Trainee: 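Submitted below is the structure of interest, expressed as structure tokens.
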Amino acid sequence: MLGVFSSSIVSPPDELVAAGSRTPSPKTTAAALWKRFQEKNASAVSVEIGEHVHLAYTHHNESPWKPRSFAVKDEVFCLFEGVLENLGHLRQQYGLGKSANEVLLVIEAYKALRDRAPYPANHVVGHLSGSFAFIVFDKSTSTLFLASDKNGKVPLYWGITADGYVAFADDAELLKGACGKSLASFPQGCFYSTAVGGLMCYENPKNKITAVPAKEEEIWGATFKVEGPAVVAARQ
């Protein structure tokens with residue numbers, strides 16, 4: 001899956017901007033990255049939301065244990081990869097029918113977060129159990145909300161294109177040519193929300209996240225780590 005967002009939606013992390021300034025760090029534009037994804041995946045489903053957001057996914061080379069799905073409801077767009085082990089319980093919690101799958105569940109969970117303030121964002125993701133990564137974009141508020149599971153079972157990467165777009169994908173190779181050394185692995189057990197001001201750990205929301213610069217010879221620009229002792233947030 002692939003999500004590409006302009007700087008008007010997402011402010012690029014300073015650590016990735018600095019890493020991308022190192023040389024050599026060849027990059028391409030967001031449009032070139034988008035084109036590459038479509039050429040590599042002839043059966044890709046893609047969506048352009050105005051001039052600032054591109055979302056795409058494909059079932060090509062999809063794992064049966066980590067399927068990809070896409071849905072949109074009430075101007076909330078969601079890409080989801082993986083499975084939720086507690087989907088049945090969550091359907092009841094959010095008042096959904098038995099036909100609701102993971103991607104629809106995440107949309108409802110996001111809407112609950114948005115509409116029932118101050119509903120803690122870390123609780124929304126912390127209630128999800130399983131292997132997953134998702135990208136949610138709310139067109140009505142121009143809000144981005146994404147996360148990966150606490151064990152990183154579904155890989156997620158992010159980086160900055162030559163024209164300053166922030167790209168997220170489950171394929172590191174796809175981003176390497178577009179993002180140069182601004183490429184990094186998205187930290188497991190964390191979420192990113194433009195509504196709450198950036199990157200947070202949902203297992204330990206009070207712990208600071210720092211980026212450790214990578215060595216010059218490495219392709220990765222930085223490694224994001226959660227500081228401090230593990231104090232798991234309450235899920236009730």
Side-chain angles (χ1 to χ4, degrees), residues 1-5 9-10 28-50 52-88 90-91 94 96-111 125 128-139 144-159 161 165-179 183-186 188-192:
M1 65 180 177
L2 174 67
V4 185
F5 303 86
I9 303 295
V10 182
T28 59
T29 64
L33 170 61
W34 187 251
K35 182 179 180 181
R36 182 185 173 199
F37 182 87
Q38 292 177 311
E39 291 175 344
K40 185 178 179 182
N41 303 286
S43 60
V45 176
S46 59
V47 178
E48 295 184 44
I49 308 171
H52 305 289
V53 178
H54 296 80
L55 300 174
Y57 77 100
T58 177
H59 291 300
H60 181 63
N61 289 333
E62 177 183 271
S63 166
W65 297 280
K66 300 174 185 177
R68 304 183 186 102
S69 53
F70 170 78
V72 55
K73 182 179 181 182
D74 300 330
E75 295 194 309
V76 178
F77 297 75
C78 182
L79 285 170
F80 185 93
E81 182 172 346
V83 294
L84 294 177
E85 297 169 353
N86 60 339
L87 179 59
L90 292 171
R91 285 175 182 148
Y94 289 101
L96 300 176
K98 293 182 178 180
S99 62
N101 59 6
E102 281 87 352
V103 68
L104 291 174
L105 183 284
V106 168
I107 288 177
E108 291 301 323
Y110 165 77
K111 289 170 62 181
V125 191
L128 307 180
S129 177
S131 306
F132 64 86
F134 65 78
I135 300 173
V136 170
F137 179 70
D138 184 348
K139 183 181 178 182
L144 172 67
F145 183 59
L146 61 95
S148 78
D149 68 72
K150 63 181 180 179
N151 296 313
K153 293 180 180 179
V154 176
L156 186 63
Y157 308 92
W158 55 342
T161 65
Y165 280 64
V166 179
F168 300 87
D170 58 354
D171 182 356
E173 292 298 323
L174 176 69
L175 296 186
K176 281 182 180 179
C179 301
L183 175 63
S185 178
F186 189 82
Q188 61 192 46
C190 293
F191 70 90
Y192 184 95

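Model, not experiment: these values are computed from the prediction.
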Trainee: Calculate, to the nearest 0.5 Å, the distance between atoms CG and CZ belonging to Leu79 and Arg68 respectively.
Mentor: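 Leu79 CG to Arg68 CZ: 10.5 Å, rounded to 0.5 Å.
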Trainee: Quick one: OG on Ser148 to OH on Tyr157, what's the gap to the nearest 0.5 Å?
Mentor: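 One gets 10.5 Å once the value is rounded to the nearest 0.5 Å.
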Trainee: Can you see which heavy atom on Gly159 is nearest to which on Cys179, and at what distance?
Mentor: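 In terms of heavy atoms, the two residues are closest at C-SG, 3.6 Å.
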Trainee: Fit a plane to each ring of Phe134 and Phe80, take the angle between them on a 0 to 90° scale, and name the class: parallel (under 30°), tilted (30 to 60°) or perpendicular (over 60°).
Mentor: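 Phe134 vs Phe80 ring planes: parallel.
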Trainee: Which pair of non-hydrogen atoms, one from Lys111 and one from Asp74, has the smallest distance, and what is that distance?
Mentor: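 Smallest heavy-atom distance, with atoms named: NZ-OD2, 2.5 Å.
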Trainee: Please tell me if the side chains of Lys40 and His60 come closer than 4.5 Å, counting only heavy atoms from C-beta onward.
Mentor: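 Of all side-chain heavy-atom pairs linking His60 with Lys40, none is under 4.5 Å.
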Trainee: Find out whether Val10 and Tyr192 are in side-chain contact, i.e. whether some heavy atom of one side chain is under 4.5 Å from a heavy atom of the other.
Mentor: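 Yes. Closest side-chain heavy atoms under 4.5 Å.
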Trainee: As an exercise, state the distance from CG of Leu175 to CG of Leu33, rounded to the nearest 0.5 Å.
Mentor: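 Here the rounded value is 6.0 Å.
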Trainee: Give the intermediate values and the outcome of side-chain contact (heavy atoms from CB on, under 4.5 Å) for residues Asp138 and Val76.
Mentor: CA-CA 4 Å; Asp138 184 348; Val76 178; 4.1 Å; yes
Trainee: Starting at CZ of Phe145, measure out to OH of Tyr110 and round the result to the nearest 0.5 Å.
Mentor: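 Those atoms lie 8.5 Å apart.
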Trainee: Give me the atom names and distance for the closest heavy-atom approach of Leu174 to Ala169.
Mentor: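 Where Leu174 meets Ala169 most closely, the heavy atoms are CD2-CB, 4.2 Å.
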Trainee: Rounded to the nearest 0.5 Å, what's the gap from CG on Leu144 to CD1 on Ile9? Could you check?
Mentor: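 One finds 8.5 Å between CG of Leu144 and CD1 of Ile9.
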Trainee: To the closest 0.5 Å, what do you measure between OG1 (Thr58) and CG (Leu2)?
Mentor: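 Nearest 0.5 Å value for the OG1-CG distance: 11.5 Å.
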Trainee: Take atom NE2 of His59 as the centre, draw a 6.0 Å sphere, and report whether it contains more than 12 heavy atoms from other residues, nucleotides or ligands.
Mentor: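 Counting neighbours around NE2 of His59, more than 12 heavy atoms of other residues, nucleotides or ligands fall under 6.0 Å, so yes.
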Trainee: Quick one: sort the Phe137 and Phe5 rings into parallel, tilted or perpendicular, breaks at 30° and 60°.
Mentor: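 The rings of Phe137 and Phe5 sit tilted, inter-plane angle from 30° to 60°.
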Trainee: Taking all heavy atoms of Ile107 and all of Cys78, pick out the closest pair and write down the distance.
Mentor: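 Between these two residues, the closest heavy atoms are CG1-CB, 3.6 Å.
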Trainee: What heavy-atom pair brings Val154 and Ala133 nearest, and what distance separates the two atoms?
Mentor: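 Closest approach of Val154 to Ala133: CG1-CB, 3.7 Å.
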Trainee: Should the pair Phe186 and Trp158 be assigned to parallel (<30°), tilted (30 to 60°) or perpendicular (>60°) ring geometry?
Mentor: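 Rings of Phe186 and Trp158: perpendicular, over 60°.
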Trainee: Would you check, one step at a time, whether the test side-chain contact (heavy atoms from CB on, under 4.5 Å) holds for Phe37 with Ser46?
Mentor: CA-CA 10 Å; Phe37 182 87; Ser46 59; over 6 Å; no
Trainee: What are the two closest heavy atoms between Leu105 and Leu96, and how far apart are they?
Mentor: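 Shortest heavy-atom contact: CD2-CD1, 3.7 Å.
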Trainee: Between Glu39 and Arg36, does any NZ, NE, NH1 or NH2 come within less than 4.0 Å of an OD or OE carboxylate oxygen?
Mentor: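 Here Arg36 does not pair with Glu39 in a salt bridge, since their nearest N and O are not under 4.0 Å apart.
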Trainee: Between Asp170 and Lys66, is there a side-chain N and carboxylate O pair less than 4.0 Å apart?
Mentor: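 Answer for the salt bridge query: no.
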Trainee: Hey, is NZ on Lys139 packed in by over 12 heavy atoms from elsewhere, all under 6.0 Å?
Mentor: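 Not buried by this count: 12 neighbours or fewer within 6.0 Å.
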